[in-house]
Amino acid sequence: MRKVPLGRTGLEVSEVAFGGIPIQRLSHDDAVAVVRGCLNLGITLLDTAHGYTTSEERIGAAIAGRRDRVVLASKTPASTAAEAEAHLAESLRRLDVSHIDLYQLHGVSDAERWRQVTAPGGPLGVLRSAQRSGVIGHIGITSHQVDVAKEAVRSGYFATVMFPLNFVAREPGLELLEVCRETGVAFLAMKPMGGGMLENARLAFSFLRQYPDVIPVVGIERLSEMAEIVALYDTAPALGERDQQEMERIRQELGTSFCRRCDYCQPCAAGIRISTVLNVPAMMRRMPPESIFGQGWARAAVDSVADCQDCGECETRCPYKLPIRARMKEVVAMYREAEAAWRT
Ligand code: SF4
Ligand code: SF4
C-alpha cells in the first residue's frame, strides 16, 4: 500500500485508512484479528471515535506492540470543555496509549455546534492545550455540512477534515477538497461506499483514486473486504467510458432515495435533524443494535419525527427532490419493526 502525506502534519499514512465503526459488531477477538489483518495489508491510519462503543478498546488491543507503526485517530463529540477532557482521557485509556496522533471534533455539522466547539473555554481549547502538552499530535474535525466544513478548514485550527465523498454524493466534497488544497488541510473521505448504498467497490474506489490527496476511511467487518480495496488501489486501471456510464446510471437510480447529508433542507420548523433520521437505516446495518435501540442519537432522531408539522418546506429545499416526509415515515416503521424483532 502506497504512503501519502497527511496534509501538512509531516505524517505519512497509507492511502486508505481503516474506519472503526463496523468492528463494533464483531466479537472482541474477531475485531482484533480484522484490525491486525489490515495492518498486515499495509494500512497504517486507523480511525475510531469515543462514540463507537467498543471500537477504541479493540483497536488498542490490536496495536499492542505495534504502536510506533500506526497513526491513530479518534474523536470526541463533546460540546463542553469538561466533556472533551473526559472523552480524551477515556480514549487514551481505552486505546491504552499515552499519545493520540490525531484527535478530531466529531460531527460539527451546523452553525450552532461550530460555535459550541470553538467557544472560548470550549472543546477546541481543551484539544489545543492537549496538543501543546504532547498528548495529541494534531487536531481534526469531522462534518457533514459543506459550509461549516469550509469555515473550519479556513479557520486554521485543523490539520484534517473528514467529510463524505463518493461518486453519488460528490459535489460538496469536491468543493471542500479545493479549499483543503488551498490551505494544506488533509481530506479524509467518509462514506466512500455511500454508507452501504453503493455495492460496487471497484467503481467506488476507482472514483476516489482520481484524487490522490483524498484518503478514504473504510469501515469493514471482514478482512477480505479490505484486501479487495487494497488490491484495487494497487492494481486497478483508471476509470473508463463504461465506468462513467455505470456511475451515471447508479446516480440516477439513487437520485430520489439517497440522502447526501448536505442539510440544505434545514432549518426544519420542528427542529428535526432530517439527515440524521434518513441515515438511521445505514447505521442500523453498521452499528451494534444496543447502541441503535438504546437511549442514544438514533432513538432520539426517530422519536423526533413525531414532531413533524407536515409543512413540506424541507422538500422544497432538497436539491435532490427527496420525498423527505414519506422517507422519514418509512425509517420510523423500519426502526420500530427492527427494534421489536431485536427485543424478542
Ligand atoms: S415537513 Fe416536517 S420535517 Fe419537513 S420542515 Fe416541515 S416540520 Fe420539518
Ligand atoms: S434530505 Fe435532501 S437536502 Fe436534506 S440532507 Fe438529505 S439530500 Fe440534503
Side-chain angles (χ1 to χ4, degrees), residues 1-4 6 9 11-77 87-104 106 130 134-138 140 142 160 162 186 188-193 196 201 205 215-234 283 285-291:
M1 174 110 284
R2 215 166 54 95
K3 293 267 190 72
V4 292
L6 184 66
T9 62
L11 296 170
E12 290 234 310
V13 295
S14 52
E15 58 185 333
V16 172
F18 175 88
I21 293 181
I23 55 165
Q24 296 171 87
R25 297 177 72 97
L26 304 178
S27 71
H28 180 87
D29 289 351
D30 286 349
V32 169
V34 165
V35 179
R36 289 202 177 136
C38 288
L39 299 182
N40 293 339
L41 286 169
I43 304 295
T44 64
L45 174 56
L46 306 179
D47 180 69
T48 180
H50 181 270
Y52 301 164
T53 63
T54 53
S55 176
E56 288 183 318
E57 199 179 293
R58 292 166 171 195
I59 288 177
I63 61 165
R66 310 186 188 193
R67 173 68 186 93
D68 55 343
R69 283 156 53 186
V70 299
V71 173
L72 261 187
S74 192
K75 10 185 149 64
T76 168
H87 292 168
L88 177 57
E90 206 169 4
S91 291
L92 290 162
R93 184 183 60 73
R94 290 170 172 173
L95 287 161
D96 197 18
V97 296
S98 55
H99 172 84
I100 296 174
D101 303 291
L102 175 67
Y103 209 61
Q104 303 151 98
H106 195 172
V135 174
I136 61 180
H138 303 277
T142 81
T160 66
M162 194 186 300
L188 303 173
M190 66 165 101
K191 303 196 190 312
M193 302 276 297
F205 289 98
I215 301 168
V217 180
V218 185
I220 48 107
E221 259 180 59
R222 287 185 296 276
L223 189 55
S224 57
E225 297 168 307
M226 188 61 96
E228 182 188 358
I229 294 160
V230 168
L232 284 170
Y233 267 77
D234 288 345
M283 295 315 276
R285 288 193 290 274
R286 308 176 76 207
M287 299 281 282
E290 51 277 19
S291 71

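In this chain, numbering begins with 1 at the start of the sequence shown.
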Smallest separation among heavy atoms of L223 and V34, with atom names: CD1-O, 3.9 Å
Heavy-atom side-chain contact between L11 and L45 under 4.5 Å: no
Side chain to side chain, H28 and T54, heavy atoms closer than 4.5 Å: no
Side-chain donor/acceptor of R67 to backbone N/O of V70, under 3.5 Å: yes
Nearest-0.5 Å distance, CG of residue L46 to OG of residue S14: 8.0 Å
Selection residues 22-37 - residue pairs positive for salt bridge (Lys or Arg N to Asp or Glu O under 4.0 Å), sequence neighbours left out: R25-E221
Pair M162-V217, side chain to side chain contact (heavy atoms under 4.5 Å, CB included): steps then yes or no: CA-CA 9 Å; M162 194 186 300; V217 180; 4.1 Å; yes
M1 vs L41, side chain to side chain contact (heavy atoms under 4.5 Å, CB included): CA-CA, chis, key distance, verdict: CA-CA 7 Å; M1 174 110 284; L41 286 169; over 6 Å; no
Minimum heavy-atom distance between I23 and G20, given as atom pair plus value: CG1-O, 3.6 Å
Check: E15 side chain, I215 main-chain N or O, donor-acceptor pair, under 3.5 Å: no
Gap separating the CD atom of Q104 from the OG1 atom of T160, nearest 0.5 angstrom: 5.0 Å
Closest non-hydrogen atom pair, G140 against L102: N-CD1, 3.7 Å
Crowding at CZ, R285 (>12 non-hydrogen neighbours, <6.0 Å): yes
Sole candidate of K75, Q24, E57, R58 that passes side chain to side chain donor-acceptor pair (under 3.5 Å) when paired with Y52: K75
Side-chain touch L92/V135, heavy atoms, less than 4.5 angstrom: yes
Reported CD-to-OG1 distance for the pair E90 and T76, which is rounded to 0.5 angstrom: 10.0 Å
Closest contact, heavy atoms only, S74 versus I100: N-CG2, 4.1 Å
Stepwise side chain to side chain contact (heavy atoms under 4.5 Å, CB included) check, M283 with I21: CA-CA 9 Å; M283 295 315 276; I21 293 181; 4.0 Å; yes
Closest approach of H99 to G137 (non-hydrogen atoms, all atoms of both residues): CE1-N, 3.5 Å
Under 3.5 Å donor-acceptor, S91 side chain and H50 backbone: no
Distance, nearest 0.5 Å, that separates CG of L39 from CD1 of I63: 8.5 Å
Trace of the side chain to side chain contact (heavy atoms under 4.5 Å, CB included) decision for R94 with T48: CA-CA 11 Å; R94 290 170 172 173; T48 180; over 6 Å; no
Any residue meeting side chain to side chain contact (heavy atoms under 4.5 Å, CB included) with S291, in chain and number order, not counting sequence neighbours: T53, M287, P288
Side-chain donor or acceptor of D101 paired with backbone N/O of A73 under 3.5 Å: no
Smallest separation among heavy atoms of P77 and H87, with atom names: CD-ND1, 3.5 Å
CZ on F205 to CG on L232, rounded to 0.5 Å: 8.0 Å
Interatomic distance, L95 atom CG to S55 atom OG [nearest 0.5 angstrom]: 8.0 Å
Close side-chain approach of L26 to V32, heavy-atom, < 4.5 Å: no
